[in-house]
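Only one structure is covered here, and it is reproduced in the block below.
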2 protein chains.
Amino acid sequence: MTDFNAASFLDTLGLRATRPRLAIAHILFADGQNRHVTAEWLAEKVGQQGEPVALATIYNTLHSLVDAGVLRIVRGTGNDNIVFDTYTRPHHHFLDERTGELTDIPDGHLTLGNLPTAPDGRTIAGYDIIIRLS
Amino acid sequence: MTDFNAASFLDTLGLRATRPRLAIAHILFADGQNRHVTAEWLAEKVGQQGEPVALATIYNTLHSLVDAGVLRIVRGTGNDNIVFDTYTRPHHHFLDERTGELTDIPDGHLTLGNLPTAPDGRTIAGYDIIIRLS
DNA sequence: GTACATGCAAAAGCTTTGCAAGGAC
DNA sequence: GTCCTTGCAAAGCTTTTGCATGTAC
């Protein structure tokens, strides 16, 4: 974590090391933990640690990071906000219906018995499973 | 289908048989087929068949039908619009990533191998699976 | 110096709400 | 007559866009 270098991290992705991006990269990736974040949450977090960043810029950066392959968008959270996940490998989620909180399901703890065949000439790009908790 | 009686259908649900509701019930349930609809689509469809109905009323009615248990909201469609499904039993969906179109996966064609255990004192309320097609 | 990022404010899109007028029962 | 619905317009929210300013390289 202390040896996380946000500038070179961004450079590797082909993104310029601007102040907003450095702050965001640090918050999301410095400690190597998996996170589920919304633009709103991130904007507040950034603001707490220094200069605030415009929400539009937060969205810009999040989408850039998705394009760069280090973030992924989680479908089906049920609330309207886009949720970005720092864990990009295939995995699935628990959704707490009371709090809206999203947590990872440990890998290998969930398997699909038999995938149906894709209709027509389509191929299956992947699947998302949301387990609802009450 | 031709013997579908929208008025008594609504009555059974405890909803007054108003013009907008009759039109909507007819479109959604008269032929007994499963449908995935958005408020937008339904508003247009209603308008084609007679008097237009305000979008706010469409939403009102759709939510009333969800509350009555004859519609269900589909999570995770990836687009922003709420999708209502006339098929209320547990089942899952194909999502065509090119068109955004949602289709049912025939029942029994998809099973979860092993559900993970719910964390803490929570119970699993259900699960939603979206298979993405490309 | 140049191309890319930022920030602000405004636009866009979907959904909900408030309230007066209308209609079911 | 009473209570529920409707319709309209306006508000609410999240996300995106346009454009001038700023800045990394």
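Here is the naming used below: chain letters follow the sequence lines, and residue numbers restart at 1 for every chain.
- If you take CG of B:Leu13 and P of D:dC4, they are 17 Å apart, rounded to a whole angstrom.
- B:Gln33 and B:Thr86 make their closest contact through O-OG1, 3.5 Å (heavy atoms, listed as atom of the first residue, atom of the second, distance).
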Using a cutoff of under 3.5 Å, can you pull out all pairs of nitrogen or oxygen atoms linking the protein to nucleotides 21-24 of chain C, with atom names and distances?
{"residue": "C:dG23", "atom": "N2", "partner": "B:Arg16", "partner atom": "NH1", "Å": "3.1"}

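- With D:dG7, C:dT6, C:dA5 as the candidates, the nucleotide lying closest to the side chain of A:Thr57 is C:dT6.
- Rounded to whole Å, the distance from CD on B:Glu40 to P on C:dG13 is 11 Å.
- Closest to the side chain of B:Ala54, out of D:dT16, D:dG7, C:dT6, is D:dG7.
- In this structure, NZ on A:Lys45 lies 13.0 Å from NE2 on A:His26, to the nearest 0.5 angstrom.
- Side-chain contact, A:Asp85 with A:His91: a donor N or O sits under 3.5 Å from an acceptor N or O.
- Of the residues near DNA chain D, B:Leu15 and B:Ala56, the one whose nearest nucleotide (by heavy atom distance) lies more toward the 5' end is B:Leu15.
- For the pair B:Ile82 CD1 and D:dC13 C1', the computed distance is 13 Å after rounding to whole Å.
- To the nearest angstrom, P of D:dT6 lies 10 Å from CD1 of B:Ile58.
- Computed from coordinates, the A:Glu51 CD to D:dT23 C1' distance equals 15 Å when rounded to whole Å.
- When A:Asp104, A:Thr103, A:Leu28 are each tested for a side chain to side chain contact (heavy atoms under 4.5 Å, CB included) with A:Asn34, only one passes: A:Asp104.
- Atom pair B:Ile24:CD1 and D:dT5:P shows a separation of 13 Å (rounding to whole Å applied).
- Across A:Phe94 and B:Pro116, no two heavy atoms sit closer than the pair CZ-CG, 3.8 Å.
- A:Asn81 places its CG atom 17 Å from the P atom of D:dG12, with the value rounded to the nearest Å.
- Distance A:Arg21 CZ to C:dC4 P: 11 Å, rounded to the nearest Å.
- Note that the CD1 atom of A:Ile58 and the CZ atom of A:Phe84 stand 10.5 Å from one another [nearest 0.5 Å].
- Expressed to the nearest 0.5 Å, how far CG of A:Leu55 lies from OG1 of A:Thr57 amounts to 8.5 Å.
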